[in-house]
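Read through the structure below, which is laid out as structure tokens, and then see the notes.
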Protein chains: 2
Amino acid sequence: MLHDAAQLDLMFQALADPARRQMVDRLSRGPASVSQLAEPLAMSLSAVVQHLNLLEASGLVRTQKVGRVRTCQIEPKALRAAEHWINERRLAWERRLDRLGDFLAETKDET
Amino acid sequence: MLHDAAQLDLMFQALADPARRQMVDRLSRGPASVSQLAEPLAMSLSAVVQHLNLLEASGLVRTQKVGRVRTCQIEPKALRAAEHWINERRLAWERRLDRLGDFLAETKDET
DNA sequence: ACAATAGTTAAGCAATTGCTTCAGTGTTGA
DNA sequence: TCAACACTGAAGCAATTGCTTAACTATTGT
């Protein structure tokens, strides 16, 4: 198991590529095989497998092979971690703005 | 103004780099000048400016120059857009899981 | 006026990324 | 048994990325 920072790094890096985001998008509608994931993408199956391996390494996608088909599904916990990182920063900023607003309101009262 | 998909692309790409995430993290605690952003980073000021330009192009950060100092701040709207993309996919998946759970529960009742 | 400050820009370079093709492996249906 | 199927892995290659240094511009304090 990797520590949070490294895992976060892999996740955001994984999400940075449009093809990989399209794969995540497809998987959000239900599990799919590698070929099914590849079908809408204008690239070789091999390229898709390479993307998929990155997605799996990042923890965003989990896969299991049964016979000759690898079935992929989203790992919502990982998505939540990325979501959480962004959310924390945004909230920190917005709380700061609120405090600033309060301060300005108070200062105005004192005129 | 760019369309959503391209903007999202730039944002996730911007967030993929640890140095840039550190800059966003710093900015979530309040505005900062370029030099202040650079201070904790082990790289040249020039490199920081290049990262900053990417962050600004992605819409995650807004900057304004007064005199010779460029002051940077977070654009929460952009953060919310990235957050939203992830959230939608995760929710789609989780709703799907719920429906599946309901179906299985019903099927069990019918035995 | 001029030195220090704050940032910008361009050129260059090594490492990484996102593909490709090709040559496999293991699985399955006829 | 054996051809089609569903991947997998390695090698190679062009484009992009993340820096560096060096030369620059514009502002400010003394």
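All chains are named by letter (A, B, ...) in the order of the sequence lines, taking the proteins before the strands, and each is independently numbered beginning at 1.
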Considering only heavy atoms and no angle criterion, is a donor-acceptor pair shorter than 3.5 Å present between the side chain of S46(A) and the base of dT8(D)?
no
Please find the pair of heavy atoms, one from V24(B) and one from I74(B), that lie closest to each other, and give the distance.
O-CD1, 3.5 Å
Could you check which residues of residues 11-39 of chain A get a heavy atom under 4.0 Å from DNA chain C? Sort them by number, please.
Q13(A), D17(A), R20(A)
dT8(D) OP1/OP2 closer than 4.0 Å to side-chain N/O of K65(A):
yes
E39(B) atom CD, neighbour heavy-atom count above 12 within 6.0 Å:
no
Which is it for T63(A) and E56(A) under the side chain to side chain donor-acceptor pair (under 3.5 Å) test, yes or no, and what are the steps along the way?
CA-CA 7 Å; T63(A) 77; E56(A) 193 166 21; 2.9 Å; yes
Less than 4.5 Å apart, any side-chain heavy atom of V61(A) and any of E75(A)?
no
Can you see if the side chain of H51(B) gets near the phosphate of dC19(D) - specifically, an N or O under 4.0 Å from OP1 or OP2?
yes
Gap between atoms CG and P, on N53(B) and dT16(D) respectively (whole Å):
18 Å
What is the distance, rounded to the nearest whole Å, between atom CG of L45(B) and atom C1' of dA22(D)?
14 Å
Which value, rounded to the nearest 0.5 Å, describes the distance between L55(A) atom CG and L27(A) atom CG?
8.0 Å
d(CG, L54(B); C1', dT9(C)) in whole Å
15 Å
In whole angstrom, what separates L52(A)'s CG from dG9(D)'s P?
11 Å
Phosphate OP1/OP2 of dT25(D): any R68(B) side-chain N/O under 4.0 Å
no
One should read off an interatomic distance between T71(B) OG1 and K65(B) NZ, to the nearest 0.5 angstrom, of 10.5 Å
Can you tell me the distance, in whole Å, between the CZ atom of R70(B) and the P atom of dT27(D)?
15 Å
Roughly how many Å is it from CE in M43(A) to P in dG18(C), rounded to a whole number?
10 Å
Is NZ or CZ of R96(B) both nearer than 6.0 Å to the six-membered ring centre of W93(B) and within 45° of the ring axis?
yes
base_contact_polar (dT20(C) base, Q50(A) side chain, donor-acceptor, <3.5 Å)
yes
